[in-house]
Amino acid sequence: MLRQMKLTKSVQILFCYKTRPKASEVLTNHIRQCKLPHWTSFFVKYKSVENDQFGKSHFNWNVDGINYHILRTGCFPFIKYHCTRRPFQNLEQENDFFTFLKVVNLDVSTCSKKHKADFKKRQFNDEWKHRYFMNSLNGLPTLAYGLSSWMLARHHKKVKVNDGRYVQIYFLNEEDENAKC
């Protein structure tokens, strides 16, 4: 029985990425914990969450009936979120533009023509997600932003997710939860 428990624990450690909370859950719960602020901006470590919002750069996000415009980018070792309370609007063009800017900063020459076509069609398979993540390390602006944020992030908070666990998020500036636009 003890041996089986050790083996189970080893398997959980090896495959811990399947047990991480979703980034979208952390985003929603952070906004709720802040009592639906007018804006917020934070970082969450890639290794702390399942990146279920892959491919989204600028999008609407509804939390308890209130719409937020979310600007999101990967800046290794973090995912950066900037959230502003705004009325719903079609952000597809802005999303495509920000995604284009991200791709321009990547070394996409190592991707096959099939993967480039998949990107245009928005058909992301697991192999493409892996290649995109590995190539994002070559995106010097976002890599520099991530590394400098890693050194400058002095404030942090724990966000409670739905299963009772906590995920640490980071801020460059301390947030004033009573701030208004």
State plainly whether one hydrophobic cluster holds both I70 and V63, where clusters connect Ile, Leu, Val, Met, Phe, Trp and Tyr through side-chain heavy atoms under 4.5 angstrom apart. yes
How long is the straight-line distance from CZ of R85 back to CG of L36, given to the nearest 0.5 Å? 6.0 Å
Is the shortest side-chain heavy-atom distance between Q53 and Y81 below 4.5 Å? yes
Heavy-atom closest contact (V161 atom, N29 atom, distance): CA-ND2, 3.3 Å
Less than 4.5 Å apart, any side-chain heavy atom of F59 and any of R72? yes
If I compare all heavy atoms of P21 with all of S48, which pair ends up nearest, and what's the gap? CD-O, 3.6 Å
Heavy atoms of V26 and V159 approach each other most closely as O-CG1, 3.9 Å
Linking I/L/V/M/F/W/Y whenever their side-chain heavy atoms sit closer than 4.5 Å, directly or via other members, would F97 and L91 fall into one cluster? no
Specify whether F171 and H30 have parallel, tilted or perpendicular ring planes, treating 30° as the upper limit for parallel and 60° as the lower limit for perpendicular. tilted
Beyond-backbone contact of K157 with C34, side-chain heavy atoms, under 4.5 angstrom: yes
Surrounding CD of Q89 (heavy atoms of other residues, nucleotides or ligands, distance under 6.0 Å), is the total greater than 12? yes
Report yes if the side chains of L27 and F42 come closer than 4.5 Å at any heavy-atom pair, otherwise no. yes
Between CG of L71 and OG1 of T84, what distance do you get to the nearest 0.5 Å? 7.0 Å
Keeping the roles fixed (side chain from D64, backbone from R32), state whether a donor-acceptor pair exists under 3.5 Å. no
To the nearest 0.5 Å, what is the distance between NZ on K22 and OG1 on T28? 11.5 Å
Residue from D96, T99, T73 passing side chain to side chain donor-acceptor pair (under 3.5 Å) with S57: T99
Under 4.5 Å between any side-chain heavy atoms of P37 and Y68, yes or no? yes
I'd like to check the side-chain hydrogen bond (donor to acceptor under 3.5 Å, both in side chains) partners of N62; sequence neighbours left out, ordered by chain and number. none
Using modelled atom types and a 3.5 Å cut-off, is there a donor and acceptor pairing between side-chain atoms of Q33 and backbone atoms of K160? yes
Checking N90 now: which residues fulfil side-chain hydrogen bond (donor to acceptor under 3.5 Å, both in side chains) with it, not counting sequence neighbours? none
Does V49 belong to the same Ile/Leu/Val/Met/Phe/Trp/Tyr cluster as Y166, with side-chain heavy atoms less than 4.5 Å apart forming each link? no
Between N60 and H69, is there a donor-acceptor pair closer than 3.5 Å when you use the side chain of the first and the backbone of the second? no
Roughly how far, to the nearest 0.5 Å, is the CZ atom of R20 from the CZ atom of R165? 10.0 Å
On a heavy-atom basis, which atom in F78 and which in Y46 lie closest, and how many Å separate them? O-CE1, 3.1 Å
